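Step one of this worksheet: look at the structure below.
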Amino acid sequence: MCSPPLAAEPHPAGTTGLCAFGVCCRCEFSQVRGCHRYPMIRAQADLLSQYAEDLANEAPGRAMEILERARLLDPDVEETYVRIMRLRDQMARFEAVT
């Protein structure tokens, strides 16, 4: 049901726990049986969004991948779309300077 954790993924200071739950574990919570799935999916999407926010300055491309994953998990959360748009704007301004 679960894939092994991602190998040697860099963690910004203080986000190791977030990564351990939200990013490195490739479990599909929609496959969990016998419990209410939405709270777990929402928790994972929220942690992914928070982790992406922590990564945004250091690795905006990776942060975008993580936000897209959060969007796929729970497409009804407007805050995820807002974060994606902010990050796209930030990346466009950075590319314009370089």
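Values below: every heavy atom of this structure, side chains too, minus hydrogens, waters and symmetry copies. These numbers come from a predicted model, not from an experiment.
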| Checking Tyr81 side chain against Asp76 main chain: does a donor-acceptor pair fall under 3.5 Å? | no
| Hey, does the side chain of Arg62 reach the backbone of Leu55 with a donor-acceptor pair shorter than 3.5 angstrom? | no
| said: If the condition is side-chain hydrogen bond (donor to acceptor under 3.5 Å, both in side chains), which residues does Arg71 pass it with, not counting sequence neighbours? | reply: Glu68
| message | Taking the side chain as everything from C-beta on, heavy atoms only, tell me whether Glu79 gets closer than 4.5 Å to Asp46. | response | no
| Ile66 side chain near Arg69 side chain, heavy-atom distance below 4.5 Å | no
Do any side-chain atoms of residues 85-92 form donor-acceptor pairs under 3.5 angstrom with protein atoms, and if so which ones, sequence neighbours left out?
| residue | atom | partner | partner atom | Å |
| --- | --- | --- | --- | --- |
| Asp89 | OD2 | Arg93 | NE | 3.2 |
| Asp89 | OD2 | Arg93 | NH2 | 3.1 |
| Gln90 | NE2 | Ala56 | O | 3.4 |
| Gln90 | NE2 | Asn57 | OD1 | 3.3 |

| Result of checking Ile84, Leu72, Leu48 against Leu67 for side chain to side chain contact (heavy atoms under 4.5 Å, CB included) | Ile84
| field | Test side chain to side chain contact (heavy atoms under 4.5 Å, CB included) applied to Leu47 and Gln50, step by step | value | CA-CA 5 Å; Leu47 285 170; Gln50 185 179 355; 4.1 Å; yes
